[in-house]
2 protein chains.
Amino acid sequence: MPTTPVTPAADPYSAACPSRQLLDRIGDKWTVLVLGVLTQSPRRYGEIARAVEGVSQKMLTQTLRHLERDGMVVRTVHATVPVRVDYELTDLGRSLSGPLAVLEAWAVEHIDVIEQARAAYDAPAPGEGSGGVGDGRGVRSGSRPSR
Amino acid sequence: MPTTPVTPAADPYSAACPSRQLLDRIGDKWTVLVLGVLTQSPRRYGEIARAVEGVSQKMLTQTLRHLERDGMVVRTVHATVPVRVDYELTDLGRSLSGPLAVLEAWAVEHIDVIEQARAAYDAPAPGEGSGGVGDGRGVRSGSRPSR
DNA sequence: CTGCATCCGATAGGATACTG
DNA sequence: CAGTATCCTATCGGATGCAG
């Protein structure tokens, strides 16, 4: 496979779809958080670990490796006595913050409605046995089937 | 917890953060795909199953239930002889397509650079022993550490 | 300090069989 | 047709221990 096999990439239902690849990456537990920390300024490994708080070394390292592999961050090792490693966003990494901000804005703006919907869905079925509904047109499932 | 414990929601590193909740939802394997299918028009269960292609009933049903719970889709059951169920996006669900499109645009636009970066990362270390780099300032890790 | 290796529990997700 | 239930595997992710 010398030249890239083109891969249409126009098919949203393919695993090779750019959207899917991006979602697989940012959908994990830490990537976006790490990206957020690095957006502010370059950071050392330990700083990121402390900033994100809750992430294990394993996951932090894995996340950083993935970001590095994708060309989103640059890893610089300083051969000092206590080893020091800096991570810095690349232009590519920085360019992602825009779309991410859009998504975050949507989330913040609609979280209330979502949580209301969840509460309504989780609540026990409302008494709908009063009015006549036998029109055979269809029934909205207001609450969870069984859970 | 009767009244919501407030949960600042301003802390990006909390599991209760709106952004995290959204990412947890769209980060899974099928949600965005199902959303995409429904964006076009209301669909029956079987139609979605065929359109997404590759999704199992289990996952499709689970995804639809999640979307319904979050108030993104409305599920309507028609009590006909062969049962018929329609799924339709709500205004909330439709409003998400914008941010999603932004993300997709970014992915499509940068996928080439990302794949190049990946190829470079996966490739064996390039011979950088030529030029003088012994300034002790730091070394960029050009390729993967071991795998 | 930074990170890799290993063990281990939790969860996501696929295949299959069965039901209203 | 539209699910539900069960089983099983792969992966995710945390804890711990070791190393350069």
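These numbers were taken from a predicted model, which means no experiment stands behind them. Chain letters run A, B, ... following the sequence lines, proteins first, then strands; residues in each count from 1.
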Exercise. Of all heavy-atom pairs between Trp106(B) and Pro99(A), which one has the smallest distance, and what is that distance?
Worked result: CD1-CG, 3.6 Å
Exercise. For dC1(D), does either OP1 or OP2 sit under 4.0 Å from a side-chain N or O belonging to Tyr87(B)?
Worked result: no
Seminar exercise, completed: From CD of Glu47(A) across to C1' of dC1(C) the rounded distance in Å is 12 Å
For this session: Grab the two heavy atoms, one from Met59(B) and one from Val55(B), that are nearest each other, plus how far apart they are.
Result: CB-CG2, 3.7 Å
Problem set entry | Which nucleotide in dA2(D), dT4(D), dC7(D) has an atom nearest any side-chain atom of Arg44(B) | dA2(D)
For this session: Send over the distance from Arg75(B) CZ to dG3(D) C1', rounded to a whole Å.
Result: 8 Å
For this session: Would you kindly give the CD-to-P distance between Gln62(B) and dT6(D), to the nearest whole Å?
Result: 16 Å
Exercise. Atom CG of Asp24(B) to atom C1' of dA12(C): distance rounded to whole Å?
Worked result: 13 Å
Exercise. Are OP1 or OP2 of dC1(C) and a side-chain N or O of Arg50(A) less than 4.0 angstrom apart?
Worked result: no
For this session: Heavy atoms only: give me the nearest Arg43(B)-Glu47(B) pair and the separation to one decimal.
Result: CA-OE1, 3.4 Å
Polar atom pairs (N or O), protein with nucleotides 17-20 of chain C, under 3.5 Å:
none

For this session: Looking only at non-hydrogen atoms, find the nearest pair between Leu92(A) and Asp70(A) and report the distance.
Result: CD2-O, 3.3 Å
Exercise. How long is the span from the OG atom in Ser19(B) to the CG atom in Leu103(A), to the nearest 0.5 Å?
Worked result: 7.5 Å
For this session: Please tell me which of the listed nucleotides, dG13(C), dG3(D), dT6(C), lies nearest to the side chain of Tyr45(B)?
Result: dG3(D)
For this session: Decide yes or no, distance alone: a donor-acceptor N/O pair under 3.5 angstrom between the base of dG13(D) and the side-chain of Lys29(A).
Result: no
Problem set entry | Residue mapping more 5' on DNA chain C - nearest nucleotide basis, Gly54(B) or Gly46(A) | Gly46(A)
Problem set entry | Rounded interatomic separation in angstrom, taking CE from Met59(A) and C1' from dA5(C) | 13 Å
Exercise. Whole Å only: how far is the NE2 atom of His66(B) from the P atom of dG3(D)?
Worked result: 15 Å
For this session: Calculate the interatomic distance between His78(B) atom NE2 and dC1(D) atom C1'; express it in whole Å.
Result: 13 Å
Problem set entry | Residue pair His110(A) / Leu22(B), side-chain heavy-atom distance below 4.5 Å | no
For this session: Starting at atom CG of Asp28(A), determine the distance to atom P of dG14(D), rounded to an integer number of angstrom.
Result: 11 Å
For this session: Could you please name the option among dG3(C), dA15(C), dG3(D) that lies closest to any side-chain atom of Lys58(B)?
Result: dA15(C)
Exercise. Closest nucleotide of DNA chain D for Pro82(B) versus for Trp30(A): which of these residues is on the 5' side?
Worked result: Pro82(B)
Exercise. Can you find a side chain N or O atom of Arg65(B) that sits less than 4.0 Å from OP1 or OP2 on dT4(D)?
Worked result: yes
Exercise. Do you know the tightest heavy-atom contact between Val73(B) and Leu64(B)?
Worked result: CG2-O, 4.0 Å
